[in-house]
Every structure is written in C-alpha cells, then in structure tokens.
Amino acid sequence: MDPVLGIIGGSGLYGIEGLDGAWRAVDTPWGAPSDEILDGTLGGLRVLFLPRHGRGHVHDPATIPYLANIAALKSLGATHVVSVSAVGSFREEMAPGHFVVVDQFVDRTRGRPASFFGTGCVAHVSLAHPICDTLATACAAAAREAGATVHEGGIYLAMEGPQFSSLAESALYRAWGCDVIGMTNMPEARLAREAELHYATIAMVTDYDSWHPDHGAVEIAEIIATLKANAHLARATVAALPAHLDASCGTGCATALDHAIMTAPEARDPALIERLRVVAGRVV
Ligand SMILES: CSC[C@H]1O[C@H](OP(=O)(O)O)[C@H](O)[C@@H]1O
Ligand SMILES: Nc1ncnc2[nH]cnc12
C-alpha cells in the first residue's frame, strides 16, 4: 500500500504552498474536523493537510476536535500523520528557531476525550513508544535538508492551557526531564495510535517558556514573530518530507490494535462498533 501523508498544521501553519489539490469537507461519527482538508499531491505523494486550529485560528487547544481530526484523516486514507507544532523549550540548547523531533510525551491535559473506544468496546493499545521511529527519522532528515537546526529526540509536555505555565510549573516540568512544552499533541498522539496511524511531531521552538532567567514571561507576540521568521523552514521541511517517507515501521503502529480489544464479540455495542469502523475497521 502506498503511503498517504497527513499533515496537521499547528499555530502559524494554515496552508501549504505547492500542495496542489482541493479543500474537502469531511464528516465523521465524531463530528466535523477543525476545518476542511486540503487533499492534493506533493513530491509525487498524496498529502492531506489539516490546519489543527482551523484557518483563521478558530479552535483553542482544549476544544480542538481531536477525534474528528484523526478519524477524518484516516477516512480519507492517511497512513502517516505528521504534526507540525509550536512549542516552548526547557533546554538552553533547544533555542527558539530550532526544530525538535520529539520521541516521548508527558500528558498533563485534563478532561479531553482521549479514546475512540469506551463502554461497549474497550481497547488498550500500547503507548510506550507513541512516536513512529521511522517517520521521526524521515522528519528529521527533511528538516535538516530544509536547513533547520534539528534535535532528534525529546520529551514533549502536553499542558492543558490555554494560559502559559507559571514559573513554578515550568521549573517542575524542567526538573522532570521534559524538553519542550505545548498544548495540542495530546490526545492527538493517543488517537493516532488507536487509529493505527504512524505519527510523529516536528516541534518548532518559539520561546523558552517561563523558567529561563534571561527571558521574561512567554508572550504571544514573541511566539508569532519566531513562527513568522521560521515559516520558510517549516514550508521547506514539509516539501522535503515526501522524498524521505519510508513505509517500513519498527514501532508496530499499523498493527497496534492486534491484541488491544478486551470486550467479547457478543458483548460489544453494535452502535459503537459501527462508528469504530472508520478508524478500526481492520479489527472490528
Ligand atoms: C501560538 S502559542 C500556543 C499554541 O501553539 C501551539 O499549538 P500547535 O501545537 O497547534 O502549534 C501550542 O500547543 C498552543 O496551542
Ligand atoms: N511556552 C509554551 N507553552 C505552551 N505552548 C506553547 N506553544 C509555544 N510556546 C509554548
């Protein structure tokens, strides 16, 4: 099966230059995604682009329709999903303007729907390695080719927001060993794994969060300025990605549901099973 690349564009990335295609409205059993999806071709590969916050930045981190976003990409045939996200940094060496291809998450979000499964069909997928190793390698190679300074590996702390962290929280997350902070990659990564999609994140550092003694509080103006200054790198990275995509996977993303469903076939809720066909049709 040829790979189909879904790209979820975060803050500052609401379109993709050079992606020839059409915006398509998609509906899912979990409602509409954040926006229409740009379905087109880039570098000979089918690419599906979805602006996470919607064009014009309409959705806040807590109310982004994460389930619909992942279901919509899956229903259009995505096999891989790359998140492009703005983050704050907890490390001096991960400076504003740098890209971090993260490999782990700590999830501090609260109350966001975080699973396609539930009463009537219970499933437990592994999230020990939430990032697809092969896809992350491709992201790092593409970002380097684009001319970005790239850090391979890093722990992304997903906070609830929408306010930025307090100084005490920032110091605590840093002491925990986290590397970058954002508000959106959870539950997105959980849902991508449940939908058996290869998922990776290119985190673009926009600021030093609030722990840094030489920098003041996080200001949105600083973040937007850094995003604008590095937009060309994000665009060039996305353009370079198709050539680096490798359909192989050592993480087991595409078979994540093989032994995950606990509910006996005769005890399953037919209505939930019907909805699940969109994301888990291989096993339900
Ligand atoms: C514009 S700063 C805060 C905002 O940016 C990040 O979103 P995304 O991952 O979609 O780029 C961060 O998580 C916040 O939602
Ligand atoms: N410092 C920060 N905290 C949370 N999300 C962010 N996105 C960009 N910078 C951030």
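Just so you know, ligand 1 is whichever comes first in the structure, and atom 1 is the first atom listed for that ligand. Both backbone and side-chain heavy atoms feed into the values below; hydrogens, waters and symmetry mates do not.
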When you check the side-chain N and O atoms of Y66 and R112, is any donor under 3.5 Å from an acceptor?
yes

Judged by modelled atom types alone, do D246 and T134 share a side-chain donor-acceptor pair under 3.5 Å?
no

Criterion side chain to side chain donor-acceptor pair (under 3.5 Å) against Y14, the qualifying member of H53, R52, H57:
H57

Are T41 and D20 close enough that a side-chain donor and a side-chain acceptor fall under 3.5 Å?
no

With a 3.5 Å cut-off and no angle check, do the side chains of H244 and E145 form a donor-acceptor pair?
yes

Examine distances only and state if a side-chain atom of T206 and a backbone atom of V87 form a donor-acceptor pair shorter than 3.5 Å.
yes

Between E92 and H212, do the side chains contain a donor N or O and an acceptor N or O under 3.5 Å apart?
yes

Chain-and-number sorted residues having a heavy-atom contact under 4.0 Å with ligand 2 are A86, V87, G88, M159, F164, I181, G182, M183, T206, D207, D209, V218, I223

Aromatic ring centroids of F116 and W30 under 6.0 Å?
yes

Can you tell me which residues line ligand 1 if we count any heavy atom under 4.0 angstrom from one of its atoms, in chain and number order?
G10, S11, R52, H53, P61, S85, A86, G182, M183, T184, I220, I223

Please test R190 against D107 for salt bridge (charged side-chain N to carboxylate O under 4.0 Å, His left out), starting from the C-alpha separation and ending with a verdict.
CA-CA 10 Å; R190 297 176 184 279; D107 189 359; 2.8 Å; yes

